[in-house]
Colleague: 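Below is a structure I'd like to ask you about.
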Amino acid sequence: MFQSAGSSRIPKYRLHRPSGQAVARFNGIDYYLGKHGSQESRDEYDRLLGEWMIKGRQPPRKLARSSVGQMSVNELILAYLQFADGYYRKNGQPTGEYDSIRYSLKPLRRLYGSTGVNEFGPLALKNVREEMITSALCRNEINKRVGRIVRMFKWGVESEFLDPMTHHALSQVRGLSRGRTPARESEPVKPVSDAHVDAIKPHVSRRICAMIELQRTTGMRPGEVCIIQTGALDRSAATWIYRPGTHKTEHHGHERKIYLGPKAQEILRDWLQDDPAAFLFSPQDELEERSQERRAGRKTKVQPSQARRKRKKSPEKLPGECYEVRSYNRAISRGCEKAGIPRWHANQLRHTAATAIRREFGLDAASLILGHRGVQVTQVYAERDEARAIDVVSQVG
């Protein structure tokens, strides 16, 4: 049956029996998708359906696959990931941006991997974005991921892999605006209450508890508390100074100093190491400590068969020398579950510290201690003190 241009019916994914291919009819035009039932054909159907919807139910394009002399999107992705693996590194280790790029490129690879790079235009980019919206990503994250895709095509222009006009066309796609898209809005990061912090203390290890208290006291970032080493602490004066080996704004040439007063020093004293390069909070030490506690708490003797049993020389996964932010947050999440409270994450402790410092000493002091280059950034972290506002209004009328 002929499908009119204004039809509201969704084209179906069907089998074309004579050829064995999958087929879908858009506006009366049959589009052959590849072998029926294959992932390739289903991806092509998703692409066409997405473009059909974006174009107001007008016929989608039949994109040309990569040909001799033209790189495919898949080949561009592979080349860019090789570049990113070497570029997005700190101290020889890949940064979180590399994984973010990989996640951003997944829907692009699925929908347009075999397409020629110069065939990928704004409409296709919007279709990839719709895939992200469908996957329930928040608006800000979608804009970031689309930006990474466009940045990859810009790199492709620099490397002479594609036509400069391809990147120019993609750069004209505007980001999603608040209130003008079905994409959900992200919740702003809020400080975590002291009651919720204290509630998980009985349910986390001593090391995690110390890391939490150190963050709450100093306002340092989760990544900074994870990598503290004795050698990074300047203890020559009454106020100690911690200089992280790596930090968020390092690539901008900024120096990061974290000032540690009496409370922070008291927390750290129990964890200082003789080796200046040793991490204060080590999952390896945590594992060894747990093993010793289990052995000390045994009520029965070790059986001869267990004593003779050989330990694995190389377990599948060994704990690292220091915590990662993800493992740190997992420990906090488990503590929240056991305590029966809403989940919170380590970065909220930075907001908690910022709010307390701002309330007590003002915005400039909070900006200095948190290591921000300007007070505008600190305002994002430091919640305004509602009680103070109410007190002022009650006095001025």
Side-chain angles (χ1 to χ4, degrees), residues 1-67 70 72-74 77 103-150 153 166 169-186:
M1 181 178 178
F2 183 79
Q3 186 183 46
S4 65
S7 174
S8 61
R9 295 173 60 185
I10 301 297
K12 293 183 178 180
Y13 174 95
R14 300 181 288 108
L15 169 64
H16 184 253
R17 293 185 181 278
S19 66
Q21 292 193 72
V23 65
R25 177 169 293 184
F26 293 87
N27 302 80
I29 304 171
D30 285 337
Y31 289 74
Y32 292 92
L33 314 172
K35 184 178 178 180
H36 184 269
S38 67
Q39 186 61 48
E40 179 186 7
S41 67
R42 295 190 182 279
D43 290 345
E44 180 66 4
Y45 172 73
D46 288 345
R47 180 190 73 78
L48 291 169
L49 182 62
E51 291 194 4
W52 181 71
M53 297 290 288
I54 291 173
K55 293 179 69 175
R57 300 176 183 254
Q58 296 301 311
R61 295 180 301 160
K62 292 185 177 180
L63 292 180
R65 295 181 180 272
S66 61
S67 57
Q70 181 179 184
S72 70
V73 170
N74 270 340
I77 290 173
Y103 292 133
S104 301
L105 299 178
K106 277 187 176 181
L108 172 65
R109 186 176 67 243
R110 189 178 81 81
L111 296 177
Y112 293 94
S114 60
T115 303
V117 288
N118 290 323
E119 299 296 323
F120 186 81
L123 182 65
L125 182 60
K126 287 183 178 181
N127 193 23
V128 172
R129 187 171 66 185
E130 286 297 316
E131 178 90 353
M132 296 179 185
I133 294 174
T134 303
S135 66
L137 290 171
C138 70
R139 181 180 62 86
N140 287 339
E141 181 62 23
I142 291 171
N143 284 339
K144 289 177 183 178
R145 294 192 180 194
V146 170
R148 291 186 183 104
I149 292 174
V150 175
F153 278 84
T166 299
L170 296 176
S171 66
Q172 303 309 301
V173 176
R174 292 180 295 178
L176 298 175
S177 301
R178 180 185 291 272
R180 298 179 180 273
T181 169
R184 67 179 179 86
E185 292 294 333
S186 57

Colleague: State, to 0.1 Å, how close Lys35 and Ser41 come at their nearest heavy-atom pair, and which atoms those are.
Modeller: O-OG, 3.1 Å

Colleague: Tell me whether Thr181 contacts the main-chain N or O of Ser177 through its side chain, where contact means a donor paired with an acceptor under 3.5 Å.
Modeller: no

Colleague: Within a strict 4.5 Å, meaning less than it, do heavy atoms of the Leu33 and Leu48 side chains meet?
Modeller: yes

Colleague: How far does CG of Leu125 sit from CZ of Phe153, to the nearest 0.5 angstrom?
Modeller: 8.0 Å

Colleague: Say whether, by atom type as modelled, one donor and one acceptor occur between the side chain of Asn27 and the main chain of Arg57 under 3.5 angstrom.
Modeller: yes

Colleague: Does Arg47 come within less than 4.0 Å of Glu51, counting only side-chain N to carboxylate O?
Modeller: yes

Colleague: Is any side-chain heavy atom of Val173 less than 4.5 Å from a side-chain heavy atom of Arg129?
Modeller: yes

Colleague: Does the Arg139 side chain pair with the main chain of Leu176, one donor and one acceptor, at a distance under 3.5 Å?
Modeller: yes

Colleague: Asp46 and Asn127: which non-hydrogen atoms are nearest, and at how many Å?
Modeller: O-ND2, 4.3 Å

Colleague: Would you say the side chain of Met132 lies within less than 4.5 Å of the side chain of Arg145, judging by non-hydrogen atoms?
Modeller: yes

Colleague: Hey, what do you get for CD1 (Ile133) to CD1 (Ile142), rounding to the nearest 0.5 Å?
Modeller: 5.0 Å

Colleague: How long is the straight-line distance from CZ of Arg174 back to CZ of Arg180, given to the nearest 0.5 Å?
Modeller: 9.0 Å

Colleague: Locate the shortest heavy-atom distance separating Glu141 from Arg148; write the atom from each residue and the value.
Modeller: OE2-NH1, 4.0 Å

Colleague: By side chain to side chain contact (heavy atoms under 4.5 Å, CB included), which residues pair with Arg109, not counting sequence neighbours?
Modeller: Asn74, Ile77, Lys106

Colleague: Taking all heavy atoms of Ser186 and all of Cys138, pick out the closest pair and write down the distance.
Modeller: CB-SG, 3.7 Å

Colleague: With a 4.5 Å cut-off on side-chain heavy atoms, are Val128 and Val146 touching?
Modeller: no

Colleague: Between CG of Asn140 and CD of Glu185, what distance do you get to the nearest 0.5 Å?
Modeller: 6.5 Å

Colleague: Taking atom CG of Leu137 and atom OH of Tyr103, what is their separation to the nearest 0.5 Å?
Modeller: 12.0 Å

Colleague: Using the ring of each side chain (for Trp, its six-membered ring), is Tyr45 parallel, tilted or perpendicular to Phe26, with breaks at 30° and 60°?
Modeller: tilted

Colleague: Does the side chain of Arg25 reach to within under 4.5 Å of the side chain of Arg14, using non-hydrogen atoms?
Modeller: yes

Colleague: Mind listing the closest non-hydrogen atom pair of Tyr32 and Gln21 along with its distance?
Modeller: CB-OE1, 3.8 Å

Colleague: Measure from the side-chain N and O atoms of Tyr13 to the backbone N and O of Gly37, and report whether any donor-acceptor pair falls under 3.5 Å.
Modeller: yes

Colleague: State, with a plain yes or no, whether a side-chain heavy atom of Leu49 is found less than 4.5 Å away from one of Ile10.
Modeller: yes

Colleague: Can a donor-acceptor pair be found, under 3.5 Å and without considering hydrogens, that links the side chain of Arg110 to the backbone of Asp43?
Modeller: no

